[in-house]
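In what follows, a structure is listed as structure tokens, so that the remarks can point back to it.
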Amino acid sequence: MSRGRERRRLKKIERQLSSDDPEFAHRMTTPRPITKVMRWMTMWRALGLLAALFAVLSLILGQGAEFFVASLTSAALLTYAWWHEHNRRT
């Protein structure tokens with residue numbers, strides 16, 4: 001089966017599903033919030049958020065130097081993630 005025929009067949013199935021059960025079709029085409037988060041989450045962002053969590057934890061525990069190091073690490077990782085994403089688009 002050619003790609004064009006497959007696409008037409010899938011579109012036909014999708015239209016049939018939408019007419020048979022519109023609520024189910026809407027749920028299947030609308031991304032859930034966790035899906036959006038997982039799509040946004042990259043390794044660099046995850047590491048940056050983990051470093052930010054360590055910074056807050058060390059601040060709560062009264063460890064000033066560790067807070068400074070974890071904050072800088074978090075900022076560096078999140079900045080790299082933003083820079084990498086920005087440069088990938090251009």
Same apolar cluster: V69 and L72, side chain cutoff 4.5 Å: no

From L17 atom CG to E14 atom CD, the distance as rounded to the nearest 0.5 Å: 8.0 Å

Test item: R8 and K11 side chains (from C-beta on) under 4.5 Å apart, heavy atoms: no

S74 side chain vs A70 backbone, donor-acceptor pair below 3.5 Å: no

Donor-acceptor contact present, side-chain T79 to main-chain A76, <3.5 Å: no

From CZ (R15) to CG (L10), nearest 0.5 Å: 10.5 Å

Side chains of L53 and L49 in contact at under 4.5 Å (non-hydrogen atoms): no

Closest non-hydrogen atom pair between E66 and S58, with its separation: C-OG, 3.6 Å

Greater than 12 external heavy atoms within 6.0 Å of Y80's OH: yes

